Asker: 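Next up is a structure, given as structure tokens.
These figures come from a predicted structure and were not determined experimentally.
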Amino acid sequence: MTSSDIRTRFLKFFEARNHRIVPSSSLVPANDPTLLFSNAGMNQFKDVFLGNERRDYSRATTSQKCVRAGGKHNDLEQVGRTTRHHTFFEMLGNFSFGDYFKKEVIPWAWELITREFAIPSEKLYVTIFEGKSTPPDDIPRDDEAYECWRALGVPADRIFALGMKDNFWQMGETGPCGPCSEIHYDMGIAASDQGHTDCKFPCDCGRYVELWNLVFMQFNRDEQGVMTPLPKPSIDTGAGLERLAAVLQGKLSNFETDLFRPLIEEAAALANVEYGANHDADVSLRIIADHARSATFLISDGVLPSNEGRGYVLRLIMRRALYHGQTLGLNEPFLYKISSRVVDMMKDAYPELVQTAPHVAKAIKIEEEKYAQTTRIGIEKLNEAHVVLDSGEVTDFATWMTRPPSGRRQLTDTTAPAAPSTLGYIRGDDLFTLHDTFGLRPDFVEDMVKNYGLTVDRDGYEAEMQKQRERARASWKGAEKKIASPLFLKLAEDGKSVFDGYTQTKSTNCKIAALVVNGQAVGDVQAGAKVEIVLDHTPFYAESGGQVGDTGRFVAPGTDHEVAHVQETYQPVSGLIVHKAVAREGLRMGDVVTAVVDAERRDATRRNHTATHLLHAALRKTLGTHVKQAGSLVAPDRLRFDFTHYTGLGEQDLLDVEDLVNQHVLANEEMQTQVMDLDAAVNTGAMALFGEKYGDHVRVVSVGDGSYSRELCGGTHVRRTGDIGLFKIVSEGSVAAGTRRIEALTGTGVLDQLRRQTKSLAQASEALHAKPGELIEAIAKLSESEKKFRKEVDAQQMKNAASAAGDLVQQVREIKGVRVLVARVEVTDRSAMRQMIDDLRGKIQSGVIVLGSVAEGRVSLIAAVTKDLTAKLDAGKIVKQAATYVEGSGGGRKDLAEAGGKNPSKLDEALQALPGIIEQML
RNA sequence: GGGCGCGUAGCUCAGUUGGGAGAGCGCGGCGUUCGCAACGCUGAGGUCGAGGGUUCGAAUCCCUUCGCGUCCA
């Protein structure tokens, strides 16, 4: 039975039992920021189980994409070395949301396994929960499940009761939880990792594998740890497709199934090796196959390799695969080819792969090229690493490599493959730096140096790594999240404020529901007080979704008399709108005011918000659907939009995006907003933002008919796109690897910028006496003639210096047998002076030369001592002493030194003193 | 979020108490050659990422900032 058949038949089996076949959710959890990647079928139903969300079905079945890598249970290192660890896998499952329970699910599971999949029941074992009575827990043994299994004819000696660790499931410290029941399969003695021949269930040697876990959610655990039965218990089950496939295809290893074997073959063919011929190579091939699957699905779901978060885990996975490719001799990009094979194999079950395939291939190839570059630089750095020899001698790797083989080779000549003794090792701190700073993996270094009779100091490496971990952890503590003040939490409970500002900027009859001064609730405030005000309803938009909060004022009803000036509006707790204001009059609880938003500011903000949506859509159309919003700021004067993309945008890309946005602005399309429930919204193709939490009912904002842009959004927008006026990108840059940032202007912002630029252009052309249209030409001309002029001056100065030098030679005198030349020269350029002093040095052969000059109010001194005299005389000291006369200082080498000073009037004095200074030194 | 590293000629990179901006490759010219490669001579090419500070003087030291790389969380 092919894996594709298994998947289909599983889903169809439950569909025939009134389950809705629900598509796999994205590997990036949509509504759970605590989770790195989707790792179980129930992830997408978490809120349904918690009762926070309702669906229009109560039974579901899925084949869920899962990734387990990074985080706590990190068995990344195991992948490829065992038969059953993977970073990417598929979880088949069926779910009951307060509908059926144990009596239904157990017989179905048994039927599916033993009839539909025809697995012989004598090879199966089942487990139930044994109960726990140690306080605070008091959970009975799951006799109900036991009876269900017995009723199906499962012999009593095949049912095992296990404890909390294996057979009790909980979502978190609190919340839904319950016992589980598992079906295990006996793979036979050949599957035992430890060569067992007669071990009994539940031995964990690999012989008995868990096929299916049935979770019975029947309790709710509170903060005290007390469990109360849920009124409507639920079911959550999970069966790993890879293991089912291995069992049904009669393979001992998941890697032997049709899910992996074609990928392994592909990699083997590319590397020109044979699978099964060499243990290490086989491990590498399996790792490549596994990681190619993860990389393909993660990138398809919008993750890009990066230096933090999810993207970093992806990069780790990819680089592991690439490293193993290197060990197989694959030095050209290869992973993207295997990835395209993954797409072919999986596209029927996961159609989204087809659409993203070109992008996935490109992203992988780019990462492969980056990795090659990183490795190349790392290897250069490896040359500088310290090598500690067993003799105690320390050298560096490059030197070590150049030693004649007799100095090091005797060990590597031995053909014994696992000779543990070596001649020395790479120091741990260097090994760490190579990895930490240059990305060269310790394994890789070990492989590199092995052939030169060296090993690596893993302990030293680990010690450094531990320090790094502690540093990261220590700094993390300081960044604890601010907890909302209890006062605001209570106010929100008492009643949330209604926002009525989507269609108006002025609301009448707003009652003051709370006044807060310095975090304390008060009954009234005096004029002039700084106060936070909560109204029962308000047109003020509180900062959210990247859009800044409104400012404005409260006025007395029916008048234009300001009673409070609102400087900021924010949401300390979801649903509670708080106005930060200065009271102009005394205010008290229960007062009624008219709330008036600064409409001009709001209009500017609206333009930018709608433009952000148009920009988002334009980026996806232009660059590809991998573009995802990664952050956004909507302010009155500008908009900033962060999004995922693997490389910088070209000039043409930016123009295309700008054009597309403006095309929609000029089409003056009507904006539509609708409130609907989340499922319906997602079904119409609305873009939900990564990491955002949405309620049952969401607001959908569409441009025109929604075919171009449709997003879930709570912000304020223009009525028609034409209101935006004009859209202009002002900058594009990066915020993190794989994340780009665009800043743009709209409406009056564009006009303001245009005016500023026009003005500076006019000023520039006035300064250059050129027409604006000819500015570029004029600048080019100017810079060229300036360059030419400078060169001529330089050349002239050099020439002058040379001829002056000729004259100066006449002034040489002798002090204690040393030829000394001290002179004031009219050369302003430092390099000309150096040229001059060089000429003089050549002419006098042996001696001391000191030149002084004045340029731009500053003194320049330069001194030279010919090589034969540097033992007796130090140009640095000479020039330093002379500089004291002109209020300066200096220094340099023994043969050439420079100094500067601030007092030109004293230069002659300094020059007169010099012969004396030199004489003293001799 | 925290740390480390890098940014110098078209490319790859050197540049150590702060004191003359360099090499190799590539490019242009000339020579050698029937021609090419190679070789020899020669030349052009630089806001030392940007901004600020310290200093008589900064590629070099300090701060800020931008871009890139890398590790940890």
Asker: Nearest whole Å is fine: how far is B/U55 P from A/Lys880 NZ?
Answerer: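 Between P of B/U55 and NZ of A/Lys880: 15 Å.
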Asker: Which one is paired to B/G28, where only Watson-Crick or G-U wobble pairs with both distances under 3.5 angstrom count?
Answerer: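 B/U42 is the nucleotide pairing with B/G28.
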Asker: The side chain of A/Thr437 lies closest to which of these nucleotides: B/U70, B/G3, B/G5?
Answerer: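 The answer is B/G5.
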Asker: State which of B/U70, B/C68, B/C13 makes the closest approach to the side chain of A/Thr374.
Answerer: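 Nearest nucleotide to the side chain: B/U70.
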Asker: Searching all strands shown, indicate the nucleotide that pairs with B/G5 (Watson-Crick or G-U wobble; both distances under 3.5 Å).
Answerer: B/C68
Asker: Phosphate oxygens OP1/OP2 of B/U70: is one of them under 4.0 Å from a side-chain N or O of A/Arg315?
Answerer: yes
Asker: Distance check, C1' atoms only: B/G24 and B/G15, in whole angstrom units.
Answerer: 15 Å
Asker: Check the phosphate of B/U70 against A/Arg319, side-chain N and O only, distance under 4.0 Å to OP1 or OP2. Yes or no?
Answerer: yes
Asker: What distance, rounded to whole Å, do you find between the two P atoms, one in B/A38 and one in B/A44?
Answerer: 23 Å
Asker: Take atom C1' in B/U47 and the same atom in B/C66, then report the distance between them in whole Å.
Answerer: 16 Å
Asker: B/C13, B/U70, B/C68: which one has an atom nearest the side-chain heavy atoms of A/Arg740?
Answerer: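 In terms of side-chain proximity for A/Arg740, the closest of B/C13, B/U70, B/C68 is B/C68.
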Asker: Would you mind checking if A/Arg458 and A/Asp443 are paired as a salt bridge, meaning a charged N to carboxylate O distance below 4.0 Å?
Answerer: yes
Asker: Provide the Watson-Crick or G-U wobble partner of B/C61, both distances under 3.5 Å; none if there is no partner.
Answerer: B/G53
Asker: Is the base of B/G5 touched by the side chain of A/Asp436 through a donor-acceptor pair closer than 3.5 angstrom?
Answerer: no
Asker: Reckon A/Arg376 touches a base, only the sugar-phosphate, or nothing at all at heavy-atom distances under 4.0 Å?
Answerer: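 A/Arg376: backbone/sugar contact only, no base atoms under 4.0 Å.
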Asker: Answer yes or no on whether A/Arg441 is positioned over the face of A/Tyr323, meaning its NZ or CZ is under 6.0 Å from the six-membered ring centre and within 45° of the axis.
Answerer: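 Verdict for A/Tyr323: a cation-pi partner in A/Arg441.
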Asker: Write down the distance separating the C1' atoms in B/G69 and B/C56, rounded off to the nearest Å.
Answerer: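 After rounding to an integer number of Å, I get 38 Å for this pair.
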Asker: Taking the C1' atom in each of B/A14 and B/A50, what is the distance between them to the nearest angstrom?
Answerer: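 That atom pair is separated by 23 Å.
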Asker: Counting only Watson-Crick or G-U wobble pairs whose two distances fall under 3.5 Å, which nucleotide matches B/A21?
Answerer: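 Pairing partner, where one exists within any strand: none, as none qualifies.
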Asker: In whole Å, what is the span from the OH atom of A/Tyr461 to the C1' atom of B/U70?
Answerer: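 Distance check: A/Tyr461 OH to B/U70 C1' gives 12 Å.
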Asker: Mind calculating the distance between CD (A/Glu380) and C1' (B/G69) to the nearest angstrom?
Answerer: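 Spelled out: CD on A/Glu380 to C1' on B/G69 is 14 Å.
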Asker: Name the closest nucleotide to the A/Ser889 side chain, picking from B/U12, B/C56, B/G5.
Answerer: B/C56
Asker: Please figure out whether A/Val859 or A/Glu898 has its closest RNA chain B nucleotide nearer the 5' end.
Answerer: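 So the residue in question is A/Glu898.
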Asker: C1' atom, B/G26 versus B/C68: distance in rounded Å?
Answerer: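 Looking at atom C1' only, B/G26 and B/C68 are 24 Å apart.
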Asker: Rounded to whole Å, please give me the gap between NE2 in A/His645 and P in B/C68.
Answerer: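 That distance rounds to 12 Å.
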Asker: Any chance you could lay out the salt bridge (Lys or Arg N to Asp or Glu O under 4.0 Å) test for A/Arg469 and A/Glu464, step after step, and finish with the verdict?
Answerer: CA-CA 9 Å; A/Arg469 271 194 265 268; A/Glu464 293 290 329; over 6 Å; no
Asker: When you compare the side chain of A/Val850 with that of A/Ile878, does any pair of heavy atoms fall below 4.5 Å?
Answerer: yes
Asker: Rounding to a whole Å, what distance do you find between A/Leu440:CG and B/G5:P?
Answerer: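 It works out to 17 Å between those atoms.
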Asker: Is any side-chain heavy atom of A/His85 closer than 4.5 Å to one of A/Asp290?
Answerer: no
Asker: Looking at A/Gln466, I'd like to know if its CD atom is crowded, meaning that more than 12 non-hydrogen atoms belonging to other residues, nucleotides or ligands lie closer than 6.0 Å.
Answerer: yes
Asker: Pick the P atom in B/U54 and in B/A59, then give their distance to the nearest Å.
Answerer: 16 Å
Asker: Give me the distance, rounded to whole Å, that separates B/C4 from B/U17 when you measure between the C1' atoms they each carry.
Answerer: 25 Å
Asker: Starting from C1' on B/G7, measure out to CD1 on A/Ile377 and report it in whole angstrom.
Answerer: 12 Å
Asker: For B/U47, what is the paired nucleotide under Watson-Crick or G-U wobble rules, both distances under 3.5 Å?
Answerer: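 Its partner is none (no Watson-Crick or G-U wobble pair with both distances under 3.5 Å).
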Asker: If you draw the axis of the six-membered ring of A/Tyr336, does the NZ or CZ of A/Lys365 fall within 45° of it and under 6.0 Å from the ring centre?
Answerer: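 Ring-cation test returns yes.
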Asker: Heavy-atom nearest nucleotide on RNA chain B for A/Gly891 versus A/Leu316: which residue maps closer to 5'?
Answerer: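 Looking at RNA chain B, the more 5' nearest nucleotide goes with A/Gly891.
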Asker: B/C36 pairs with which nucleotide, Watson-Crick or G-U wobble, both distances below 3.5 Å?
Answerer: none
Asker: B/G69, B/G5, B/C71: which one has an atom nearest the side-chain heavy atoms of A/Gln468?
Answerer: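 From the listed options, B/C71 comes nearest.
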Asker: At less than 4.0 Å, is any side-chain N or O atom of A/Arg741 found next to OP1 or OP2 of B/G67? Yes or no.
Answerer: no
Asker: Heavy atoms only, 4.0 Å cut-off, all strands: where does A/Gly439 land among base, sugar-phosphate and nothing?
Answerer: sugar-phosphate
Asker: Rounded to the nearest angstrom, tell me the gap between atom CZ in A/Phe432 and atom P in B/G5.
Answerer: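 From A/Phe432 CZ to B/G5 P: 12 Å.
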Asker: Using a cut-off of 4.0 Å on non-hydrogen atoms, how would the nucleic acid contact of A/Ala897 be classed: base, sugar-phosphate, or nothing?
Answerer: nothing
Asker: Are there more than 12 heavy atoms of other residues, nucleotides or ligands under 6.0 Å from atom CD of A/Glu743?
Answerer: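 Yes - once you tally the heavy atoms of other residues, nucleotides and ligands closer than 6.0 Å, there are more than 12.
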Asker: CG of A/Asp443 versus C1' of B/C71: gap in Å, rounded?
Answerer: 15 Å
Asker: By nearest atom, which of the nucleotides B/A14, B/G3, B/C13 is closest to the A/Lys381 side chain?
Answerer: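 When the side chain of A/Lys381 is considered, B/A14 is the closest of B/A14, B/G3, B/C13.
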